[in-house]
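Lettering follows sequence order; numbering is per chain, from 1.
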Amino acid sequence: MAYWLLKSEPDAFSWDELKKRGAKGEPWTGIRNHTAKLNLMKMKKGERGFFYHSNVGKEIVGICEIVRDSYPDPTAKTGEPWVAVDIKALEPMLKPVTLADIKAEPKLSAIQLLKQSRLSVPQVTDSEWKIVCKMGGLK
DNA sequence: GCCAACGTTGGC
DNA sequence: GCCAACGTTGGC
């Protein structure tokens with residue numbers, strides 16, 4: 001079981017909007033970066049990710065679940081290699097975990113979110129996942 | 001194949 | 001609004 005972090009600017013697509021999609025979820029399209037694409041391709045149905053609001057908020061607001069393995073991104077031009085997955089909202093953080101919180105936690109100093117701040121789909125390790133869940137008030 | 005120029009992302 | 005990081009493009 002791998003864990004992920006999905007960045008979204010809430011002005012473009014927020015956690016609340018994802019929640020409104022319900023169990024059907026939402027296609028996660030528009031990734032145009034090869035590192036992020038490789039991560040999308042590794043995602044398997046049933047795996048989980050943190051939903052992070054970039055720019056506005058800068059905090060992890062909830063947990064989402066991958067509900068469909070990667071498939072060709074319908075918003076890509078023909079012949080382009082980009083892929084998408086579908087995700088749905090699983091549960092909100094009881095307390096959002098901010099970027100400042102993450103930076104202030106020594107155990108999270110190696111998290112890819114901090115190491116590669118521009119990567120829109122970084123991976124999260126098992127131990128990082130547990131720490132952030134705890135910080136967010138979840139078991 | 002190198003590297004300068006440029007564009008984009010995202011934190012501050 | 002600025003700037004650092006970094007990916008991409010294009011000239012050589």
Side-chain angles (χ1 to χ4, degrees):
Chain A
M1 173 86 143
Y3 297 102
W4 312 96
L5 185 145
L6 299 156
K7 284 189 195 174
S8 181
E9 297 196 28
D11 291 343
F13 187 77
S14 70
W15 171 253
D16 283 343
E17 287 171 82
L18 183 62
K19 271 200 298 191
K20 278 182 204 151
R21 298 293 188 277
K24 207 175 146 216
E26 170 78 7
W28 199 253
T29 60
I31 297 297
R32 296 294 180 269
N33 169 285
H34 290 286
T35 307
K37 183 196 73 172
L38 290 174
N39 279 342
L40 289 181
M41 291 174 74
K42 283 189 228 159
M43 291 182 186
K44 294 288 168 214
K45 192 179 168 182
E47 288 182 347
R48 291 174 182 189
F50 291 125
F51 195 90
Y52 176 82
H53 280 171
S54 64
N55 259 313
V56 181
K58 282 166 289 182
E59 57 192 10
I60 293 169
V61 288
I63 291 174
C64 57
E65 182 178 325
I66 314 301
V67 292
R68 182 178 171 189
D69 290 0
S70 65
Y71 57 95
D73 185 341
T75 68
K77 295 197 190 90
T78 309
E80 287 185 341
W82 308 116
V83 301
V85 297
D86 289 357
I87 60 169
K88 71 169 183 186
L90 203 62
E91 63 180 330
M93 300 315 254
L94 296 180
K95 173 176 157 325
V97 178
T98 67
L99 188 62
D101 293 337
I102 291 167
K103 283 187 174 169
E105 173 50 70
K107 293 199 201 82
L108 297 176
S109 61
I111 197 169
Q112 201 177 15
L113 173 68
L114 296 182
K115 292 285 173 190
Q116 274 168 273
S117 61
R118 284 190 51 208
L119 182 59
S120 53
V121 187
Q123 193 160 8
V124 176
T125 67
D126 286 4
S127 59
E128 289 161 357
W129 180 267
K130 282 182 194 127
I131 292 163
V132 174
C133 283
K134 206 171 173 186
M135 289 166 74
L138 303 175
K139 283 181 188 170

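Residues A/R32 and A/T75 have side chains that bring a donor and an acceptor to within less than 3.5 angstrom of each other.
Under the 3.5 Å distance criterion, the side-chain polar atoms of A/K7 are left unmatched by any main-chain donor or acceptor of A/N55. Using modelled atom types, one side-chain atom of A/D73 and one backbone atom of A/G30 make a donor-acceptor pair closer than 3.5 Å. In terms of modelled atom types and a separation under 3.5 Å, the side chain of A/E105 and the main chain of A/K107 share a donor-acceptor contact.
A 4.0 Å heavy-atom criterion places the boundary nucleotides of DNA chain C facing chain A at C/dA5 to C/dT8, written 5' to 3'.
Other residues sharing the hydrophobic cluster of A/F51, ordered by chain and number and joined by side-chain separations under 4.5 Å: A/W4, A/L6, A/F13, A/W15, A/L18, A/W28, A/I31, A/L40, A/M41, A/M43, A/V61, A/I66, A/V83, A/V85, A/I87, A/V121.
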